[in-house]
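Here the structure is a predicted model, which means the values were calculated and not measured.
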Number of protein chains: 2
Amino acid sequence: MEKYKRMLVEKGIKPTFQRIKILEYLEKHHNHPTVDMIYSALYKKVPTLSKTTVYNTLGVLSKHGLVSVLSTLDSEAHYEYNFNSHHHFICKVCHRIIDIDVPCTFRQYVEELGHKVEEVHGNFVGICKDCMEKQYE
Amino acid sequence: MEKYKRMLVEKGIKPTFQRIKILEYLEKHHNHPTVDMIYSALYKKVPTLSKTTVYNTLGVLSKHGLVSVLSTLDSEAHYEYNFNSHHHFICKVCHRIIDIDVPCTFRQYVEELGHKVEEVHGNFVGICKDCMEKQYE
DNA sequence: CTATTAATTTATAATCAATATAAATTAAAT
DNA sequence: ATTTAATTTATATTGATTATAAATTAATAG
């Protein structure tokens with residue numbers, strides 16, 4: 001709790017119970033959750049929680065760079081804790097999102113074109129290893 | 001017209017007037033349009049066109065690999081004609097999507113992890129050159 | 001410690017892109 | 001020319017997100 005409270009205060013965000021719990025959830029679960037997943041998971045521990053608060057909090061956290069919104073083609077937005085820069089593999093079969101730890105090699109090139117790059121989103125879309133293997137069982 | 005008709009027939013898609021016009025629009029306009037943009041542009045020439053048809057057609061075309069859906073954080077989906085593989089720069093200020101002609105260097109690495117890669121989406125998000133220059137005028 | 005003020009949370013309603021449905025139209029094939 | 005199947009269209013519905021306003025909570029001053 002204290003850890004997350006400090007992180008929020010450092011960014012100038014009022015550390016409410018709900019915000020602490022949502023930030024904690026995202027830091028501990030690297031499952032790229034949707035609003036609904038976060039809400040369902042925290043509802044047990046924070047029974048008064050409302051979905052609007054999850055939306056609001058994710059907005060605040062991402063505005064301050066603590067979390068990122070992923071660029072997926074899913075109808076629901078997926079979020080992740082901003083622990084380091086990496087790419088994603090999105091499986092068309094099981095819909096899992098898998099972290100791919102490669103750096104972006106073109107950021108500087110794009111900056112040299114005159115654009116200011118603030119975020120890099122790299123997605124590989126296809127069929128993940130597990131689903132490929134299941135096809136041949 | 002004939003060119004687009006042939007492309008559709010080759011893919012086994014029935015070449016209706018609406019589909020030909022939508023494919024033609026996408027091949028000629030590299031503005032990464034939304035459904036609404038396509039509908040508004042074609043409405044003049046195809047007055048009976050309905051938005052549902054634009055949705056359906058884009059679904060058919062992307063299923064057959066003629067067009068791609070972009071991974072943006074926008075509420076509306078953006079489409080593009082599949083002329084070659086490239087990345088995108090998305091401007092937070094003017095919301096333009098700019099083609100960035102760089103290849104993806106990690107596709108093979110991801111394949112080696114055991115995942116089957118079918119699409120690669122690379123997005124740089126930030127402030128484009130034009131908007132950066134306008135800030136200092 | 002209490003009261004005041006401002007911010008946050010919550011419940012509810014509204015929005016809007018996308019999809020589902022079914023009737024009307026068109027195209028393909030005999 | 002007729003039948004059949006596919007496509008288009010109009011309409012209704014869905015569902016994620018946002019807007020609004022009331023209730024609650026947190027921060028601050030007295």
What is the distance, rounded to the nearest whole Å, between atom [atom1] of [X] and atom [atom2] of [N]?
X	N	atom1	atom2	value
Y79(B)	dA17(C)	OH	C1'	10 Å
L58(B)	dT19(C)	CG	P	11 Å
K21(B)	dT8(D)	NZ	P	15 Å
K51(A)	dT18(D)	NZ	P	14 Å
R19(A)	dA27(D)	CZ	C1'	13 Å
I20(A)	dT8(C)	CD1	P	13 Å
L73(A)	dA17(C)	CG	P	18 Å

Under 3.5 Å, side chain of [X] to main-chain N/O of [Y], donor-acceptor pair present?
X	Y	value
S62(B)	G59(B)	yes
H95(A)	C91(A)	no
H30(B)	E27(B)	yes
R19(B)	K14(B)	yes
T53(B)	L49(B)	no

Please figure out whether N56(A) or S75(B) has its closest DNA chain C nucleotide nearer the 5' end.
-> N56(A)
Estimate the overall bend of the helix from dC1(C)-dG30(D) to dT30(C)-dA1(D) from the end axes over five pairs each, rounded to 10 degrees.
-> 30°
Heavy atoms from C-beta onward define the side chain here; which of [options] lies closest to that of [X]?
X	options	value
T52(B)	dT7(D), dT9(D), dT9(C)	dT9(D)
Y55(B)	dA19(D), dT8(D), dA17(C)	dA17(C)
T53(A)	dA20(C), dT7(D), dT9(C)	dT9(C)
E76(A)	dT8(D), dA16(D), dT8(C)	dA16(D)

Ion pair check, E10(B) and R6(B), cut-off under 4.0 Å =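 Here E10(B) does not pair with R6(B) in a salt bridge, since their nearest N and O are not under 4.0 Å apart.
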Charged N to carboxylate O under 4.0 angstrom, K92(A) versus E118(B)?
->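 Between E118(B) and K92(A) there is a salt bridge, with a charged N closer than 4.0 Å to a carboxylate O.
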Given protein heavy atoms under 4.0 Å, the one-letter contact record of nucleotides 24-30 of chain C, with B base, S sugar-phosphate only and - none, is simply ----S--
Excluding sequence neighbours, so at least two apart, what forms side-chain contact (heavy atoms from CB on, under 4.5 Å) with H86(A)?
->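 H86(A) satisfies side-chain contact (heavy atoms from CB on, under 4.5 Å) with E80(A), F83(A), N84(A), H88(A), D99(A), D101(A) once adjacent residues are dropped.
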Taking OP1 and OP2 of dT25(D), is either one under 4.0 Å from a side-chain nitrogen or oxygen of Q18(A)?
-> no
Atom CZ in F124(B), atom CZ in R107(A): separation rounded to 0.5 Å?
->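 Taking CZ in F124(B) and CZ in R107(A), the distance rounds to 9.0 Å.
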Which pairs would a plain distance check flag for residues 66-75 of chain A, meaning a side-chain donor or acceptor within less than 3.5 Å of a matching protein atom at least two apart in sequence or in another chain?
from	atom 1	to	atom 2	distance (Å)
S68(A)	OG	N82(A)	OD1	2.5
S68(A)	OG	N82(A)	ND2	3.3
S71(A)	OG	H121(A)	ND1	3.1
T72(A)	OG1	D74(A)	N	3.2
D74(A)	OD2	H78(A)	NE2	2.8

Path from I97(B) to L26(B) over hydrophobic side-chain contacts below 4.5 Å | no
Is there a residue in residues 34-50 of chain B whose heavy atoms reach under 4.0 Å of DNA chain D, and which residues are they?
->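 Of all residues in residues 34-50 of chain B, the ones placing a heavy atom under 4.0 Å from DNA chain D are T48(B), L49(B), S50(B).
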By ring-ring contact (aromatic ring centres under 6.0 Å, His included), which residues pair with Y25(A), not counting sequence neighbours?
-> H29(A)
